[in-house]
Protein chains: 2
Amino acid sequence: MAARDYGQYCGITRALELVGERWALLIVRDLLVGPRRYGELAAGLPRIPSNILAARLKELQEAGILRRAPRSRVIVYELTPYGRELEPVVLALGAWGFKAMGDPREEQVLTPDALAITLRTAFRPQVAADLPATAYAAHLGPTGLLVRVDGPSLVVTRGDGPADLAFAAGPSIHRLISGELAPGRAIETGVVEVLRGRGDLLDRFATTFHLAA
Amino acid sequence: MAARDYGQYCGITRALELVGERWALLIVRDLLVGPRRYGELAAGLPRIPSNILAARLKELQEAGILRRAPRSRVIVYELTPYGRELEPVVLALGAWGFKAMGDPREEQVLTPDALAITLRTAFRPQVAADLPATAYAAHLGPTGLLVRVDGPSLVVTRGDGPADLAFAAGPSIHRLISGELAPGRAIETGVVEVLRGRGDLLDRFATTFHLAA
DNA sequence: CTGAATCCGTTGCGATACTG
DNA sequence: CAGTATCGCAACGGATTCAG
């Protein structure tokens, strides 16, 4: 089957048998943002060996967590409904690990899909509900993330589009979300570079997305 | 350090670096129920090699997730505050994996600590709030679990004690919690054996602890 | 050019034996 | 009882090659 089993009749062991192998939950993490092609997954997981990626995709498919879907000539991988139910697991892991991230090291990358999930983790619906609807465009190197907040609802997708504030950032955005770095200081120090729109909206961004470190 | 890293600056990768190794989260699972000695952990994880248990304990300790604590001459392992913050992760995994458990196989065991966490996962505080305070004693083979429900609060510990209902059960209790098996049928078919107290309270138990499959 | 399969060196795991 | 030591094996990591 999928993996070596633990010999216990328990939900946690079952879950770990299905998604406990190395890299598996990171594939799920990226697919939670949207369907991805093989190459997109490989790009979002720069250090995964291609044989491992292929093996995981096969295992996750057999476990009913994702499926291969043809999309106008090309194959994309997308989560099944059961796979999407892993979102609380991934968000809980992200919230817990957020506190142990420390400072970014030189060799560490921040991928768009990882940031998308971090934003979902850090999103405070009850805070956002009292703020005006806002669209942010966050750029990480070449790729962009479109972040739409409307009342208590959040949608994060890849790509660009009309936004009230467009900014470029890197791994240090972690310190903005943790509250370690004030929005004003983030712009001054170049951690966040305002590309278009109202830079003062970064304040609202930091209020909307917050996770204690 | 603890483990091979993923090369990403992301909360989820960080979490998986700390607790993503095989067996690690199962050690955390058991310690969430209470402090445990080395031998108790080994007994609760029948298939873990002793060298792996020793290695994981060392890694989890270095990661600040657990600590060795002397308790009147013997050493016990207990979670640190940061380790206890893994509870949402473990419960979310348990809830997700619960749906994929299927029927118990011959070689699969149900340990007291695993059941304790399953009960925490399946606990419905808002339902329990409207029911009288109740103490259950659940026996799995030799060891017992004391389950105290008082309004919306739940405490599950090892051991025996005064209970409104004491019963013996095995892995098939899964079908009671999932609602697949009605409490009356569970007693009739011997899946649950009433040892002491009011057997009709099993109804309340099944209402209090419920997780869809 | 994307989506893998193959080969092979390395590492972590599993089983058992052993020690303070 | 609480670990440590050893060894075979399976999984992982990296590079290369192959197929649609």
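Here the structure is a predicted model, which means the values were calculated and not measured. Letters A, B, ... mirror the listed sequences (proteins, then strands); counts begin at 1.
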| query | Can A:Q108 and B:R14 be counted as having a side-chain donor-acceptor contact under 3.5 angstrom? | reply | no
| query | Between B:R204 and B:T134, does a side-chain hydrogen bond (donor to acceptor under 3.5 Å, both in side chains) hold up when you go through it step by step? | reply | CA-CA 9 Å; B:R204 190 185 294 172; B:T134 314; 2.7 Å; yes
So, is [X] close to the [N] phosphate, meaning a side-chain N or O under 4.0 Å from OP1 or OP2?
X: B:W23; N: C:dG14; answer: yes
X: B:R68; N: D:dG3; answer: yes
X: A:R73; N: C:dT2; answer: no
X: A:R22; N: D:dG13; answer: yes
X: B:Y6; N: D:dC12; answer: no
X: A:K58; N: C:dA5; answer: yes
X: A:R37; N: C:dG3; answer: yes

| Is it true that the NZ or CZ of A:R22 lies under 6.0 Å from the centre of B:Y6's six-membered ring and within 45 degrees of the ring axis? | yes
Can you tell me how far [atom2] of [N] sits from [atom1] of [X], to the nearest Å?
X: B:I52; N: C:dG14; atom1: CD1; atom2: C1'; result: 7 Å
X: A:L66; N: C:dG3; atom1: CG; atom2: P; result: 14 Å
X: B:E40; N: D:dG3; atom1: CD; atom2: C1'; result: 15 Å
X: B:I75; N: D:dC1; atom1: CD1; atom2: P; result: 16 Å
X: A:E21; N: C:dC13; atom1: CD; atom2: C1'; result: 11 Å
X: A:R4; N: D:dA11; atom1: CZ; atom2: P; result: 6 Å
X: B:R47; N: C:dT16; atom1: CZ; atom2: P; result: 12 Å
X: A:D5; N: C:dG14; atom1: CG; atom2: P; result: 11 Å

| query | Between A:F167 and A:H139, does the ring centre distance come in under 6.0 Å? | reply |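 Ring centroids of A:F167 and A:H139 are no less than 6.0 Å from each other.
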| query | So, the side chain of A:E40 versus the backbone of A:R37: is there a donor-acceptor pair under 3.5 Å, distance only? | reply |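 Side chain of A:E40 to backbone of A:R37, a donor-acceptor pair under 3.5 Å: yes, one is there.
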| When only distance counts, do a donor and an acceptor, one from the side chain of A:N51 and one from the base of D:dG14, lie under 3.5 Å apart? |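 Answer yes: a donor N or O sits under 3.5 Å from an acceptor.
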| field | Quiz item: A:S50 side-chain donor-acceptor pair to C:dA5 base, under 3.5 Å | value |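 Present.
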| note | Closest to the side chain of A:A54, out of D:dC12, C:dA5, C:dG14, is C:dA5
| With nearest nucleotides of DNA chain C determined for B:R56 and A:L57 from heavy-atom distances, which residue corresponds to the more 5′ nucleotide? | A:L57
